[in-house]
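In what follows, a single structure is set out as structure tokens and then discussed.
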Amino acid sequence: MSVRVRMAPSPTGYLHVGTGRAALYNWLYARHTGGTFIVRIDDTDLERSTKEFEDEILASFRWLGLDWDEGVEVGGPHGTYRQSDRIDYYASIAHRLVDEGHAYFDNRPTEELEELRRKAQKEGKHPGHYIRRPSTEASEGVIRLSVPQDGPVEFSDVVRGDMSFAAADVDDFIILRSNGTPTYHLASTVDDIDYEITHVARGEDLLPSTPKHIVLTKALGAEEPTYAHLPLLFGTDGKKLSKRHGATAVTDFREAGYLPDAMFNYLANLGWSLDSETTIFTRDKAVAAFDLTDVSKNPAAFDVAKLDWMNGEYVRAMDPERFADLVRPQVESSLGRALTRGEFDTFSAIAPLVQERTRLLPEAGDQVVFLFEEFEAYDDTSWNKVMTKDGVAETLAAANEALGDLGDWDIPAIESALRALPELLGIGAGKAFQPIRIAVTGSSVSPPLFESIAALGRERTLQRLERATNQLA
RNA sequence: GGUCCCGUCGUCCAGAGGCCUAGGACGCCGGCCUUUCAAGCCGGAAACGCCGGUUCGAAUCCGGUCGGGACUGCCA
């Protein structure tokens, strides 16, 4: 039987990186086995689900490079892939289960159920021991599944191994709400049957719900899928990854300038590894090697520092033209205007040097704006640290002179002119070049000096040297 | 409280009884290179939670213990 896996996000928020990783593993497994990856939309919570979030989530999947073979927006042989389209259908199934004796109506007030829960807790028992079929039958209210009391509910989890839950600890859970909409348990289980899902790979938070799904599946006369419960993601402080840790939505990372390939690689490596040595790997390599069996059991901490490093690796490995194209909007947004054709050429020429120094795309823009924009007076700490030293004015004047006389304005000419300076002035290279760097680029941190000067052009370079000299006087 | 899950460097991953004086990666520290910052190169500190047991031999198996986590909703 060919593998069919699915991801069923709820469009009640942006795609959380944890959900993204679960999707990633499903996708990897489908691609590895030549199976089918399906994306459904789990929008039974009509109140909180929105089309905007749905679009966002699907865009995030696509950004990560997770394409799906069946499901929302692409269709497939199994009808709709949006649960809100099948509300009545789920309801009819719930009623059928009542007719067959597998489920029952319950209109007990919440206080009464609360009382049962308290009683269970007091006796150190699971609420399942008391949340059971009431003595008097109703014909309205919610519909609960009647969970058989006898024996254990057992299954073999691909990542956890053999699991066993006492049936007595599984309460008669609600499958249909009093407003006629299905709960997650019903909709999800029914869909997994209808869409012939073979492997359910999902977050470990659903492990305790799995016995419910198995009992329901059996009541529906179907065979349960293979389950694989994936470890959860945490922040580096060991707490569940949440807004407190900063970015948690895939979109956040996309906007912060992370590359999808890096994100994919990082997420894939969080709970799984290609082998014992390799950290950086392509999608194809991951697809070739991936198996759910190899997924780690331990929860993983999401470490942004490592992601940043990895992103830098991908940035450096990028095609230089592609890099220039990607950074262009960043430069333009910090300039507040579009680059001219000539400016873009200038930028492209120096871009490879910037590329080496970039981890996140927005950093790249900051490194080159000096080429296109005048900067204000020098009065920051790096200026004070370097420029207030003795002899700086002479150094700048000498540089001005050496460059002013230059015939060809190219890197070799600039380099040989400036290289002569330290000896001429009787100072070290660093001492000579740092003031020039600040005068010309406005910062003590910049791309390599000669290349920067070449890109800046004769006129602006000389202007800036003069301006700095005057300011020192 | 109850049910269940997890426990190897700060972090991610490798390790499925001897190949482990525990390996790779990020981060950290030191050095080299160097006009800055990066990158690169070299080196370093850093872990099998604890206690028992099984075994000739345990990070690997078993038990207990401690610690962390999830679930316990007409949310998913």
Side-chain angles (χ1 to χ4, degrees), chain A residues 8-10 12 19 42-45 47-48 106 110 113 117-118 120-129 131 141-144 157 160 163-166 168-171 173-179 181-185 187-188 202-211 229 231-232 234 236 238-240 266 269-280 296-310 312-313 316 353-359 363 367 382 386 415 418-419 421-422 428-434 436-438 441 443-450 452:
Chain A
S10 292
T12 55
T19 316
D42 188 342
D43 56 353
T44 52
D45 185 348
E47 304 288 300
R48 298 193 300 141
D106 183 5
T110 43
L113 293 163
R117 286 199 184 89
R118 272 197 299 274
Q121 177 154 352
K122 201 168 128 204
E123 294 174 16
K125 287 182 180 167
H126 190 101
H129 289 83
I131 309 286
V142 299
I143 294 181
R144 289 181 186 277
D157 189 285
R160 316 261 143 205
M163 293 289 119
S164 177
F165 292 79
D169 288 338
V170 181
D171 59 301
F173 58 101
I174 296 173
I175 56 176
L176 199 73
R177 302 185 185 107
S178 54
N179 68 3
T181 62
T183 60
Y184 162 76
H185 300 301
S188 166
R202 56 178 17 172
E204 193 193 336
D205 50 338
L206 287 167
L207 191 53
S209 296
T210 304
H229 286 93
L232 262 20
F234 292 89
T236 35
K239 295 282 190 312
K240 193 175 174 185
Y266 180 72
N269 201 42
L270 216 50
W272 176 81
S273 67
L274 188 74
D275 56 42
S276 62
E277 312 284 295
T278 316
T279 305
I280 304 281
S296 161
K297 294 192 217 309
N298 333 350
F302 192 95
D303 184 3
V304 181
K306 188 164 184 176
L307 207 211
D308 286 353
W309 161 78
M310 192 173 276
E313 291 288 307
R316 283 189 290 282
L353 294 172
V354 175
Q355 187 172 356
E356 277 178 55
R357 274 151 253 265
T358 300
R359 287 157 89 90
E363 298 168 359
Q367 293 180 59
S382 60
V386 176
E415 172 158 10
L418 291 182
R419 286 260 186 230
L421 242 46
K431 238 182 161 54
F433 293 147
Q434 227 18 31
I436 301 174
R437 180 190 311 282
I438 293 182
T441 70
S443 166
S444 60
V445 175
S446 80
L449 187 58
F450 311 132
S452 294

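Below, each value reflects all heavy atoms present in this structure, side chains not excepted, and no hydrogens, waters or symmetry copies. We name chains A, B, ... by the order of the sequence lines, and we start the count at 1 in each one.
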Specify the separation, in whole Å, of atom CG of Leu274(A) and atom P of rC13(B).
14 Å

For nucleotides rA39(B) and rU60(B), find the distance between their P atoms and express it as a whole number of Å.
38 Å

Closer than 4.0 Å, any side-chain N/O of Arg48(A) to the OP1 or OP2 of rA76(B)?
no

Take the protein atom CG of Asn298(A) and the nucleotide atom C1' of rG67(B), then report the distance between them rounded to whole Å.
14 Å

Using atom types as modelled and distance alone, determine if a side-chain donor or acceptor of Arg160(A) lies under 3.5 Å from a backbone N or O of Lys297(A).
yes

Value in whole Å for how far the P atom of rG73(B) lies from CG of Asp45(A)
17 Å

Between Gln121(A) and Arg118(A), a side-chain donor and acceptor under 3.5 Å
no

What one-letter contact string describes nucleotides 28-40 of chain B from 5' to 3', where B marks a base within less than 4.0 Å of any protein heavy atom, S marks contact via sugar-phosphate atoms alone, and - marks no contact?
-------BBBBSS

Spacing of the P atoms in rA14(B) and rA45(B) (rounded, Å):
24 Å

Identified pairing partner of rC71(B), criterion: Watson-Crick or G-U wobble below 3.5 Å:
rG2(B)

Over all strands shown, is Phe165(A) touching base, sugar-phosphate only, or nothing at heavy-atom distances under 4.0 angstrom?
sugar-phosphate

Rounded C1' spacing from rC32(B) to rC12(B) in Å
29 Å

Rounding to an integer number of angstrom, what distance separates rG31(B) and rG23(B) when you compare their C1' atoms?
24 Å

Separation between the P atoms of rC37(B) and rG30(B), rounded to whole Å
14 Å

So which nucleotide does rU35(B) pair with, by the Watson-Crick or G-U wobble rule with both distances under 3.5 Å?
none

For the backbone of Arg48(A) and the side chain of Thr12(A), can you confirm whether one donor and one acceptor N or O come within less than 3.5 Å of each other?
no

With sugar-phosphate meaning primed atoms plus P, OP1 and OP2, does Thr44(A) contact a base, only sugar-phosphate, or nothing at under 4.0 Å between heavy atoms?
sugar-phosphate

To the nearest Å, give me how far apart CD1 (Ile131(A)) and P (rC71(B)) are.
19 Å

N/O donor-acceptor pair under 3.5 Å between Thr44(A) side chain and Thr183(A) backbone:
no

Comparing Leu207(A) with Asp42(A), nearest RNA chain B nucleotide closer to 5' gives the residue Leu207(A)

On a whole-Å scale, what distance lies between the C1' atoms belonging to rC20(B) and rG15(B)?
9 Å

Glu313(A) versus Thr279(A): any side-chain heavy-atom pair under 4.5 Å?
no

Please work out if Leu232(A) contacts a base, only the sugar-phosphate, or nothing of the nucleic acid, heavy-atom cut-off 4.0 Å.
sugar-phosphate

Could you check whether any side-chain N or O of Ser452(A) sits under 3.5 Å from a backbone N or O of Pro447(A), counting only pairs where one atom can act as donor and the other as acceptor?
yes

Phe302(A) has an atom CZ; how far is it from atom C1' of rG69(B), in whole Å?
19 Å

Partner nucleotide, any strand, of rC19(B) [Watson-Crick/G-U, under 3.5 Å]:
none

Could you let me know what rU55(B) is paired to, Watson-Crick or G-U wobble, both distances under 3.5 Å, or none if it's on its own?
none

For atom CZ of Arg160(A) and atom C1' of rC71(B), their distance in whole Å
13 Å

Please confirm whether the backbone N or O of His126(A) pairs with a side-chain atom of Asp169(A), one donor and one acceptor, at under 3.5 Å?
no

Pair assignment for rG49(B), Watson-Crick or G-U wobble, requiring both distances under 3.5 Å:
rU65(B)

Could you tell me whether Gly271(A) contacts a base, only the sugar-phosphate backbone, or nothing, with contacts defined as non-hydrogen atoms closer than 4.0 Å?
sugar-phosphate

Partners of Phe302(A) by ring-ring contact (aromatic ring centres under 6.0 Å, His included), sequence neighbours excluded?
Phe253(A), Tyr266(A)

When you match Glu204(A) and Ser296(A) each to their closest nucleotide on RNA chain B, which lands nearer the 5' end?
Glu204(A)

Interatomic distance where NE2 belongs to His185(A) and P belongs to rC71(B) [whole Å]
12 Å

Starting from C1' on rA25(B), measure out to CG on Leu307(A) and report it in whole angstrom.
14 Å

Can you tell me which nucleotide in rC26(B), rC6(B), rC12(B) comes closest to the side chain of Ala305(A)?
rC26(B)

Mind checking the C1' distance from rG18(B) to rA59(B)? Whole angstroms is fine.
13 Å

Which base, if any, makes a Watson-Crick or G-U wobble pair with rC9(B), both distances under 3.5 Å?
none

Between Lys306(A) and Leu270(A), is there a side-chain heavy-atom distance shorter than 4.5 Å?
no

Look at the side chain of Glu277(A) and decide which nucleotide, out of rG24(B), rU11(B), rG69(B), has an atom nearest to it.
rG24(B)

Applying a 4.0 Å non-hydrogen cut-off, can you work out what Ser273(A) is touching in the nucleic acid: base, sugar-phosphate, or nothing?
sugar-phosphate

For the C1' atoms, the ones on rG27(B) and on rC6(B), what distance do you get once it is rounded to whole angstrom?
24 Å

Closest to the Ile174(A) side chain: rC6(B), rG23(B), rC74(B)?
rC74(B)

Under-3.5 Å donor-acceptor pair between Ser276(A) side chain and rC13(B) base
no

Can you find an N or O donor on one side and an acceptor on the other, under 3.5 Å apart, linking the side chain of Lys306(A) with the base of rC12(B)?
yes

Where Leu232(A) and Asp205(A) come nearest, the two heavy atoms and their spacing:
CD1-N, 3.8 Å

